[in-house]
Amino acid sequence: MTTSIGPENPVPSGSGLLCSSWARDQHLDPIGTAGCYRGYLLVEWPLPWPRDLSEDPALAPVVALVRSAGMRLQGLVPTLAGEPSRVIAYRWPANGGARFERTEMAVGRGEVIAAALAILDEPPNVDETTDVLVCTHGTRDRCCGSLGTVLAKELLADPRQLGKDVRVWRTSHTGGHRFAATAVVLPQGSAWAFCDKETLARIVQRSGPIDDLLPRYRGCGGMASPAVQALERAVLREVGWLLFDMTRHGADLGGGRTELVVEDPSGERLVWEAVVSVGREVPAPSCGLAMELVTKTEPQLVVECLRRR
């Protein structure tokens, strides 16, 4: 009998290239791979999922909505049967912000589509909830289906290990499967590579120095471009965790120059500028595909000439 590799099944031995192992061996830098979005729309949606969640015909009207809004659709593995389904919208403020604004609805299982189509017209909630999304989308990539599922189950066994008011979700593809296990922390919108539960606990609790975590930082989804994400990480090294509490926005100025504008809690406007270039192009393999067959590449970004104006 053949067993499919999915959210509940680990990667079997001898199954060819594992993209996350290769990425670790090559010391790939994940910065700039977080994706850039005006927001995220999260919907509890039953398994099994297709390779791309947008291919589910029932979600077609929701897919059209998120695309027109410049948002990203994320599926959430449903909670216990009989409980309401969650539909959650996270939106980045139009003129820059410190975090995504969250709106949440709890509805019956048959009302998810209608709620997803209506939620963008609802006002944001005001509370301290943090959502941690761990990619476990095994039909998209084996490393996420294996490493991500193991991590998610460890966290779900006792969500309190991440702190108060933190919810852990198993989610659909977040991009960057070669950096599995991957996670997105909302509302701050930060995306992370090569995660384990100790790393995520430090990230959510903002515990200790941030320097050794920066090589795992993929960027903030609210930034305008991969280059701005790379510059933001350089500024994060200087400012530390407090940057995630500061209103910020960035822009590509042309000629490789990138700008990040930050407003600190006192209202002072701080501006950083740097040259962001491509250091090298590296293969972007998928699990099981021989390296000689890989045609997709991705840039490794380098930040130079960082200065505060």
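Numbers here simply count residues along the sequence, with the first being 1. The figures that follow rest on heavy atoms only: side chains count, while hydrogens, waters and symmetry mates do not.
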Next on the checklist: I'd like to know if the side chain of Glu281 pairs up with that of Thr297 as donor and acceptor (distance under 3.5 Å, no hydrogens or angles considered).
Outcome noted: yes

Item to check | Close side-chain approach of Leu156 and Arg170, heavy atoms under 4.5 Å | outcome: yes

Checklist entry - Looking at Pro84 and Ala106, what are the two nearest heavy atoms and their distance? => result CB-CB, 3.9 Å

Checklist entry - Are Asp196 and Thr199 close enough, and set up right, to give a side chain to side chain contact (heavy atoms under 4.5 Å, CB included), and what steps lead you there? => result CA-CA 5 Å; Asp196 53 52; Thr199 296; 2.9 Å; yes

Checklist entry - Taking NZ, NE, NH1 and NH2 as the nitrogens, is one of them in Arg102 or Glu104 under 4.0 Å from a carboxylate oxygen of the other? => result yes

Next on the checklist: Is there a continuous path of hydrophobic side-chain contacts, each under 4.5 Å between heavy atoms, that joins Leu53 to Val184?
Outcome noted: no

Next on the checklist: Does Glu298 form a side chain to side chain contact (heavy atoms under 4.5 Å, CB included) with Val282? I'd like the steps, not just the answer.
Outcome noted: CA-CA 6 Å; Glu298 67 179 12; Val282 297; 3.9 Å; yes

Item to check | Atom CZ of Arg38 with >12 non-hydrogen neighbours under 6.0 angstrom | outcome: no

Next on the checklist: Just to verify, which of Leu117, Val87, Ile88, Val63 counts as forming a side-chain contact (heavy atoms from CB on, under 4.5 Å) with Leu41?
Outcome noted: Val87

Next on the checklist: Can you confirm whether the side chains of Arg218 and Thr33 place a donor and an acceptor under 3.5 Å from each other?
Outcome noted: yes

Next on the checklist: Please check this pair: side chain of His249 against backbone of Val262, looking for a donor-acceptor N/O pair closer than 3.5 Å.
Outcome noted: no

Next on the checklist: Run the salt bridge (charged side-chain N to carboxylate O under 4.0 Å, His left out) test on Asp245 and Arg99 for me, step by step, so that the C-alpha distance in whole Å, both residues' side-chain angles and the decisive distance to 0.1 Å come before the verdict.
Outcome noted: CA-CA 8 Å; Asp245 294 324; Arg99 61 187 60 83; 3.3 Å; yes

Checklist entry - With the threshold set at 4.0 Å, does a side-chain nitrogen-carboxylate oxygen contact exist between Lys164 and Glu128? => result no

Checklist entry - Does the side chain of Glu268 come under 3.5 Å of the side chain of Ser266 through a donor N or O and an acceptor N or O? => result no

Checklist outcome for this item: Smallest heavy-atom separation, Met246 atom then Leu242 atom, equals CG-O, 3.4 Å

Checklist entry - Thinking salt bridges, do Arg202 and Asp212 make one under a 4.0 Å N-O criterion? => result yes

Item to check | Over 12 foreign heavy atoms within 6.0 Å of CZ, Arg160 | outcome: no

Checklist entry - Do Pro78 and Ser85 have side-chain heavy atoms sitting under 4.5 Å apart? => result no

Next on the checklist: Between Ser54 and Leu59, does the side chain to side chain contact (heavy atoms under 4.5 Å, CB included) criterion hold? Intermediate values first, please.
Outcome noted: CA-CA 7 Å; Ser54 66; Leu59 287 168; over 6 Å; no

Next on the checklist: Could you tell me if the side chain of Val261 sits less than 4.5 Å from the side chain of Arg269, heavy atoms only?
Outcome noted: yes

Next on the checklist: Quick check: do Arg308 and Leu270 have side-chain heavy atoms less than 4.5 Å from each other?
Outcome noted: yes

Item to check | Polar side chain donor-acceptor pair, Thr129 to Asp165, under 3.5 angstrom | outcome: no

Checklist entry - Is there a side chain to side chain contact (heavy atoms under 4.5 Å, CB included) between Thr103 and Arg91 once you walk through the steps? => result CA-CA 8 Å; Thr103 304; Arg91 288 166 284 185; 2.8 Å; yes

Item to check | Atom pair CG/NE2 of Leu47 and His137 - distance to nearest 0.5 Å | outcome: 8.5 Å

Checklist entry - Sequence neighbours excluded, which residues qualify as ring-ring contact (aromatic ring centres under 6.0 Å, His included) partners of His173? => result His177

Checklist outcome for this item: Scanning both residues in full, the closest heavy-atom pair of Val185 with Gln188 reads O-CG, 3.5 Å

Next on the checklist: Using a strict threshold of under 4.0 Å (side-chain N to carboxylate O), is an ion pair present between Arg233 and Asp29?
Outcome noted: yes

Checklist entry - Looking at Trp241, does the NZ or CZ of Arg206 lie under 6.0 angstrom from its six-membered ring centre and within 45 degrees of the ring axis? => result no

Next on the checklist: With a 4.0 Å cut-off on N to O distance, would you call Arg178 and Asp141 a salt bridge?
Outcome noted: no

Checklist entry - Cluster question for you: counting only ILVMFWY and a side-chain heavy-atom cut-off of under 4.5 Å, with indirect links fine, are Val302 and Leu28 together? => result no

Item to check | Asp158, CG atom: more than 12 neighbouring heavy atoms under 6.0 Å | outcome: yes

Next on the checklist: Between Glu111 (side chain only) and Gly108 (backbone N and O only), is there a donor and an acceptor less than 3.5 Å apart?
Outcome noted: yes

Next on the checklist: Do Gln74 and Arg72 pair up side chain to side chain, a donor and an acceptor below 3.5 Å, judged on atom types alone?
Outcome noted: yes

Next on the checklist: Arg309 vs Glu259, test: salt bridge (charged side-chain N to carboxylate O under 4.0 Å, His left out). Steps then yes/no.
Outcome noted: CA-CA 10 Å; Arg309 298 206 310 260; Glu259 174 186 82; 2.6 Å; yes

Checklist entry - What is the minimum heavy-atom distance between Met71 and Tyr90, and which atoms define it? => result CE-O, 3.7 Å

Checklist entry - Is the backbone N or O of Pro123 less than 3.5 Å from a side-chain atom of Glu101, with the two atoms forming a donor-acceptor pair by type? => result no

Item to check | Test item: side-chain donor near acceptor, Tyr217 and Glu232, under 3.5 Å | outcome: yes

Next on the checklist: If you define the side chain from C-beta out and look only at heavy atoms, does anything of Trp45 sit under 4.5 Å from Val112?
Outcome noted: yes

Checklist entry - Are the charged groups of Arg307 and Glu273 less than 4.0 angstrom apart, N to O? => result yes

Item to check | Trp92 and Tyr37: CA distance, side-chain angles, deciding distance, ring pair (Phe, Tyr, Trp, His ring centres under 6.0 Å) verdict | outcome: CA-CA 8 Å; Trp92 191 257; Tyr37 311 107; over 10 Å; no

Using residues 283-295 as the side-chain source, report each donor-acceptor pair under 3.5 Å to any protein atom, sequence neighbours left out, with the distance given to one decimal.
none

Checklist entry - Without hydrogens or angle criteria, can the side chains of Asp56 and Trp49 be said to hold a donor-acceptor pair below 3.5 Å? => result no

Checklist entry - Is the shortest heavy-atom distance from the side chain of Leu236 to the side chain of Phe244 under 4.5 Å? => result yes

Checklist entry - Hey, quick one: are Leu42 and Ile113 part of the same hydrophobic cluster, counting side-chain heavy atoms closer than 4.5 Å, chains of contacts allowed? => result no

Item to check | Trp192 side chain to Ser190 side chain, donor-acceptor N/O pair below 3.5 angstrom | outcome: yes

Checklist entry - Would a 4.5 Å heavy-atom cut-off, applied to side chains only, mark Val134 and Thr171 as touching? => result no

Item to check | Non-hydrogen side-chain atoms of Cys195 and Thr182 separated by less than 4.5 Å | outcome: no

Checklist entry - When rounded to the nearest 0.5 angstrom, what distance separates CG in Leu151 from CG in Leu155? => result 4.5 Å

Checklist entry - Any chain of hydrophobic side-chain contacts (each under 4.5 Å) joining Leu243 to Leu231? => result yes

Checklist entry - Is there a donor-acceptor pair under 3.5 Å between the side chain of Glu44 and the backbone N or O of Thr79? => result yes

Checklist outcome for this item: Sequence neighbours excluded, the answer for ring-ring contact (aromatic ring centres under 6.0 Å, His included) partners of Phe179 is Phe194

Checklist outcome for this item: Note: Val303 and Ala274 closest approach over all heavy atoms is CG1-CB, 3.7 Å

Next on the checklist: Assigning hydrophobic clusters by single linkage (Ile, Leu, Val, Met, Phe, Trp, Tyr; side-chain heavy-atom cutoff under 4.5 Å), is Met223 placed with Leu133?
Outcome noted: yes

Item to check | Non-hydrogen atoms of Cys220 and Gln229 that approach each other most closely | outcome: O-NE2, 3.1 Å

Item to check | Atom pair OG (Ser172) and CG (Leu73), whose distance is rounded to the nearest 0.5 Å | outcome: 6.5 Å

